[in-house]
Amino acid sequence: MTFRVALTFDAEHPDRPTEFGVAESILTTLADTGVRASFFVQGRWALAYPETARRIPAGGHLVGNHSHYHAKMPLFSASGFTADVHDAEAAIRELLGVDPRPWFRCPFGAGHDDPALVGTLTGLGYWTVGWDVVPYDWERTPAEVEAGVVDGATTKGDGAVVLLHTWPASTGSALPAIIARLAAAGATFVGLDQLERLPIATPG
């Protein structure tokens, strides 16, 4: 039996110490295995690492908007919220050469169910995208991340959306085994634009 898995990565500045070059390692692994993924790009991260950011669309991956400052979106004023989304979009368009609409992921999942924020995003051409599987890669070992993704995706089944990040060393280390084990279990890897259903975010 085959099932589809969407690996998604939040490309953002790390919020704790990590190793250098994890994002580059992730992109290399995806290229070597022929896996297409989806990346939610923080605008300030793209400005800081433009060469790495450009590798995302060059590798055929889907690009979404992950805000500019990676703050909890409900903390912004209405005008500040719009400015943050626009600033990220502008950086992504300039540096990656793609339009991130309609894909948006709220940092921390905060605000995904706020009617005012969702309405503003809709007006800006976005909808929020969450996840089905979260292995807490920012605080767990490679073995734990691997198990969390494989067990979660196989349990969820077809269309599972996995939340990962581009900066935890555990993610870069676990990714080859994640891909190999899921492929052996019958998974095919797809972008979010290849799914009929998208999950909403669950803060955590």
Side-chain angles (χ1 to χ4, degrees), residues 3-19 22-23 25-27 29-30 35-42 45 56 61-67 70-75 100 103-114 117-118 121 126-183 185 187-204:
F3 59 102
R4 296 169 297 172
V5 174
L7 298 178
T8 72
F9 297 87
D10 290 357
E12 63 197 30
H13 287 291
D15 63 6
R16 63 198 68 189
T18 187
E19 296 177 6
V22 176
S25 172
I26 287 169
L27 287 163
T29 296
L30 294 173
V35 167
R36 182 172 184 250
S38 302
F39 287 78
F40 289 90
V41 177
Q42 179 195 3
W45 179 85
I56 296 172
H61 306 296
L62 180 144
V63 176
N65 188 329
H66 194 42
S67 83
H70 200 263
K72 292 183 177 180
M73 306 309 286
L75 299 178
W103 320 100
F104 189 89
R105 177 170 282 163
C106 293
F108 314 102
H112 76 280
D113 56 354
D114 183 311
L117 294 186
V118 172
L121 283 170
Y126 290 97
W127 61 73
T128 61
V129 181
W131 50 84
D132 300 304
V133 180
V134 52
Y136 301 96
D137 57 343
W138 60 89
E139 63 184 10
R140 295 188 174 167
T141 67
E144 290 170 334
V145 174
E146 176 189 336
V149 173
V150 173
D151 293 346
T154 53
T155 298
K156 178 64 182 178
D158 187 56
V161 176
V162 179
L163 169 65
L164 295 164
H165 300 80
T166 58
W167 56 267
S170 291
T171 306
S173 297
L175 187 59
I178 288 171
I179 292 171
R181 287 183 59 189
L182 284 175
T188 58
F189 298 96
V190 299
L192 292 171
D193 55 348
Q194 296 170 273
L195 297 177
E196 298 80 25
R197 177 202 66 87
L198 295 176
I200 62 171
T202 302

Per the side chain to side chain contact (heavy atoms under 4.5 Å, CB included) rule, which among Leu164, Asp151, Thr171 passes with Pro135?
-> Leu164

Which pair of heavy atoms, one from Ala185 and one from Phe3, lies closest together, and at what distance?
-> O-CE2, 3.5 Å

Quick one: OG1 on Thr155 to CG on Asp132, what's the gap to the nearest 0.5 Å?
-> 11.5 Å

Contact summary for Ala71 and Ser67, nearest pair of heavy atoms | N-OG, 4.4 Å

Using a 4.5 Å cut-off on heavy atoms from C-beta on, say whether the side chain of His61 contacts that of Leu7.
-> no

Plane angle bin for Phe39 and Phe9 - parallel if under 30°, tilted between 30 and 60°, otherwise perpendicular = parallel

Between Val22 and Trp167, the two heavy atoms sitting closest are CG2-O, 3.6 Å

Where do Val149 and Val5 land on the side-chain contact (heavy atoms from CB on, under 4.5 Å) test, with the steps shown first?
-> CA-CA 10 Å; Val149 173; Val5 174; 5.9 Å; no

Going by heavy atoms in the side chains, are Pro107 and Lys72 under 4.5 Å from each other?
-> no

Between OG1 of Thr18 and NE2 of His165, what distance do you get to the nearest 0.5 Å?
-> 12.0 Å

So, the side chain of Arg4 versus the backbone of Gly159: is there a donor-acceptor pair under 3.5 Å, distance only?
-> no

Under 3.5 Å: donor-acceptor pair, side chain of Glu144, backbone of Thr141 | yes

Separation of Phe104 CZ from Met73 CE (nearest 0.5 Å) = 4.0 Å

Taking only residues two or more places apart in sequence or in another chain, which ones pass side chain to side chain contact (heavy atoms under 4.5 Å, CB included) with Ser38?
-> Thr8, Leu62, Leu192

Which pair of heavy atoms, one from Val133 and one from Ala153, lies closest together, and at what distance?
-> CG2-N, 3.8 Å

Between Asp113 and Val118, is any pair of side-chain heavy atoms under 4.5 Å apart?
-> no

Would you confirm whether His66, through its side chain, and Arg105, through its main-chain N or O, come within 3.5 Å as a donor-acceptor pair?
-> yes

Which distance, rounded to the nearest 0.5 Å, do you find between the CG of Asp158 and the CG of Leu195?
-> 7.5 Å

Among Thr166, Leu163, Val41, which one satisfies side chain to side chain contact (heavy atoms under 4.5 Å, CB included) with Asp10?
-> Leu163

What are the two closest non-hydrogen atoms of Arg140 and Val145, and how far apart are they?
-> O-CG2, 4.0 Å

Supply the atom-to-atom distance Leu117 CG to Cys106 SG, rounded to the nearest 0.5 angstrom.
-> 7.0 Å

Candidate list Phe40, Phe108, Trp45, test ring-ring contact (aromatic ring centres under 6.0 Å, His included), partner His70, passing option = Phe108

Under 3.5 Å donor-acceptor, Thr29 side chain and Leu175 backbone | no

Contact summary for Ser25 and Gly172, nearest pair of heavy atoms = OG-O, 4.4 Å

